[in-house]
Trainee: 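First, the structure itself, so that you have it in front of you.
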Amino acid sequence: MSTPSSSSPSSSSFTSIAKSRLSSLASHIMGSPSTPVFSTSVVPSAPEDPLFGLAQAYRQDPSDKKVDLVIGAYRDDNAKPWVLPVVKKADDLIRNDPNLNHEYLPIKGLAEYTSAAQKLIVGADSPAIADSRIATFQTISGTGAVHLGALFLSKFHPATPKPHLYLSSPTWANHHQIFMNVGFTLQNYPYFDAKTKGLDFDGLKGSLNSAPKGSIILLHACAHNPTGVDLTQAQWKEVADIMRSRSLFPFFDCAYQGFASGDLARDAWAIRYFVEQGFELCIAQSFAKNFGLYGERTGAFHFVSAPGDGAAQNNAHVASQLAILQRSEISNPPAYGARIASRVLNDPELFAQWEDDLRTMSGRIAEMRSGLRQRLEQKGTPGSWVHITDQIGMFSFTGLSESQVKVLREKWAVYMTKNGRISMAGLNTHNLDYFAEAVDSVVRETS
Ligand code: LMR
C-alpha cells in the first residue's frame with residue numbers, strides 16, 4: 001500500500017502545482033532572466049546639492065574670520081537668524097490658544113491662510129478673486145508650489161509633445177530639476193548681461209518672440225534669484241504684450257514679496273498687472289523669506305483662470321485635480337507656519353507690524369549694498385560696482401568669476417556660490433570691511 005504522501009495522483013499534482021507556484025514566486029522576487037533586476041548597484045552616485053553642500057563646508061571651516069554669503073536666508077547684524085518680532089507674537093498667541101489641536105488640515109490647506117495668501121499676491125480687490133477664478137493650495141513652501149504647478153501642467157497641458165519650459169539664464173538652480181523631474185524640456189531665455197551686470201532686455205525679448213506658441217515661461221516676480229536684477233514696470237508691460245501676442249503661458253515664482261522693495265504691493269506689481277491683463281497663469285508663493293519661516297515650509301500655489309464665460313467652473317475643475325495631486329503627494333500640508341502667517345495676514349495690527357519688520361530687513365540689506373559699493377569705490381577696486389546698489393533683494397550677482405570665488409573661499413574663508421552670487425543678508429557692520437578688503441585683493445590679483 002502506498003503512503004498518501006508519495007505516489008497518489010493527487011499528491012503528485014499537489015507537488016507540481018506547489019513547485020510551479022514556488023518557481024513563479026521566485027521569478028517574481030528575482031525577476032525573470034530577461035527582466036532587469038533592481039539592485040542598489042544600478043544607482044549612480046549623484047553630486048551633493050551645491051548650495052547646501054557649500055553651507056555645510058562653511059560650518060566646518062574653523063576660521064574665526066569666515067563669512068557666510070551662501071544661502072538666501074536673512075541674518076541680523078550679528079550674522080544670526082532673525083525671528084521676526086511679529087512672528088514671535090503670533091506664535092505666542094497660537095501656543096496659548098486653548099482650542100489649538102494638531103488635527104489634519106484640509107487637503108487644500110488652512111482656509112483662512114489660503115484666502116489671505118491669495119489677497120496678498122493678487123490684491124484684495126482683484127476681479128479674479130471676485131469672479132472665483134483662483135484655485136489656491138497651501139504647499140511645502142515655494143519649492144512645493146513650483147512643483148505642484150509643474151506637475152499639474154505636465155499632466156494636463158494638452159500639447160503633445162509637452163510645451164517647452166523657459167527659464168531665465170541664470171535662474172534658481174532648483175528650477176531645473178523641479179521641471180525636469182516632471183518631464184519638461186527646458187530652454188533658457190537670456191536675462192543677465194555680464195557686461196552691464198544688469199538686464200539683457202533685448203535678449204529676453206528676442207527669446208520670447210521666437211519661443212514656440214504656447215511655451216511656458218517661468219518669471220521671477222521680484223528680487224530675481226540669483227541676480228538681484230528686476231524688470232521695470234515699463235519692461236514688464238512690454239513682456240506682457242509679447243507673451244499675449246505669442247500665446248505664452250506665464251508661471252510666476254514669487255519668493256521675496258515685500259523683501260525686495262519693502263513694499264508688498266510694489267513687489268507684486270508684475271503679477272497683479274498680468275492678472276489684470278486677463279492672462280491665465282500660475283503663481284508659486286513662498287513665505288520663507290518674508291516671514292522668516294524657512295523651516296516651517298509655508299507657501300501657496302495659485303492657478304488663475306482667464307476671465308470669461310465658464311471661468312469659475314473651469315477653475316473649480318482645476319482645483320479638483322490639484323486636490324488629487326496634492327493628496328497623492330503630501331496628503332495635507334503642514335500646519336504650523338500657515339497658522340503663524342494666517343494670524344498675521346488676517347489681523348490689521350499684526351499686519352502693520354509685519355510691514356515694519358519687512359522694512360527692517362529690506363532696509364538693512366539696502367544699507368549693506370551701499371556700504372559695500374562705497375568701500376569698493378573708495379579703495380578703487382578695478383571695475384564698476386554700481387550694480388551692487390542697482391540690484392535688489394536678497395542677492396547680488398557680483399560678477400566675480402568662478403576662480404575668484406575659489407580664492408575668496410580658500411584664502412579668505414568667504415563663502416559664496418561659484419556663479420558669484422552673494423546673499424547680501426550675510427553682510428553686516430562687523431564683516432563688511434573684511435569682505436571689501438577680500439574682494440579688493442582678489443580682484444586686483446586677477447585683473
Ligand atoms: C537660495 O537660493 O539660497 C534659497 O532660495 C535657498 C534654496 O532653497 O535654494
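When a ligand or atom number is given, it counts from 1 through the structure's own listing order. Just so it is clear, the structure is predicted and the values come from calculations on it, not from any experiment.
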Trainee: Side chain, backbone, both or neither: which applies to T143 and ligand 1 if a contact is any heavy-atom pair less than 4.0 Å apart?
Mentor: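 No part of T143 comes within reach of ligand 1.
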Trainee: For F279 together with F274, are the ring centres under 6.0 Å from each other?
Mentor: yes
Trainee: Tell me, which protein residue and heavy-atom name are nearest atom 4 (C) of ligand 1, and how many Å apart are they?
Mentor: K289 NZ, 3.1 Å
Trainee: Check for me whether M394 has a heavy atom closer than 4.0 Å to any atom of ligand 1.
Mentor: no
Trainee: Can a salt bridge be assigned to the pair R343 and D97 using a cut-off of 4.0 Å between side-chain N and carboxylate O?
Mentor: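 The answer is yes: the pair qualifies as a salt bridge.
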Trainee: In terms of side-chain geometry, is the basic nitrogen of E349 or K89 positioned less than 4.0 Å from the acidic oxygen of its partner?
Mentor: no
Trainee: I need the nearest protein heavy-atom contact for atom 7 (C) of ligand 1: residue, atom name and distance, please.
Mentor: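 For atom 7 (C) of ligand 1, the nearest protein heavy atom comes out as W172 NE1, 3.5 Å.
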Trainee: Going by the order shown, which atoms of ligand 1 are within less than 4.0 Å of some heavy atom of G72?
Mentor: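 With G72 as reference, the close atoms of ligand 1 come out as 1 (C), 3 (O).
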Trainee: Donor-acceptor pairs are to be reported for all side-chain atoms of residues 293-304 against protein atoms at under 3.5 Å, with residues two or more places apart or in another chain.
Mentor:
{"residue": "Y294", "atom": "OH", "partner": "Y74", "partner atom": "N", "Å": "2.7"}
{"residue": "R297", "atom": "NH1", "partner": "S141", "partner atom": "OG", "Å": "3.3"}
{"residue": "R297", "atom": "NH1", "partner": "Y294", "partner atom": "O", "Å": "3.0"}
{"residue": "H302", "atom": "ND1", "partner": "T136", "partner atom": "OG1", "Å": "2.8"}
{"residue": "H302", "atom": "NE2", "partner": "Q285", "partner atom": "OE1", "Å": "2.6"}

Trainee: Compute the minimum heavy-atom distance from N225 to ligand 1 and say whether it is under 4.0 Å.
Mentor: yes
Trainee: Check this for me, if you would: do R272 and E276 make a salt bridge, where the nitrogen-to-carboxylate-oxygen distance has to be below 4.0 angstrom?
Mentor: no
Trainee: Heavy-atom pairs closer than 4.0 Å: do any link ligand 1 to the side chain of H175, the backbone, both, or neither?
Mentor: neither
Trainee: On a heavy-atom basis, which atom in L208 and which in L248 lie closest, and how many Å separate them?
Mentor: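 The pair with the smallest heavy-atom distance is O-CD1, 3.6 Å.
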Trainee: I want to know if ligand 1 touches F395 in the polar sense, i.e. an N/O pair below 3.5 angstrom.
Mentor: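 No, there is no polar N/O contact under 3.5 Å.
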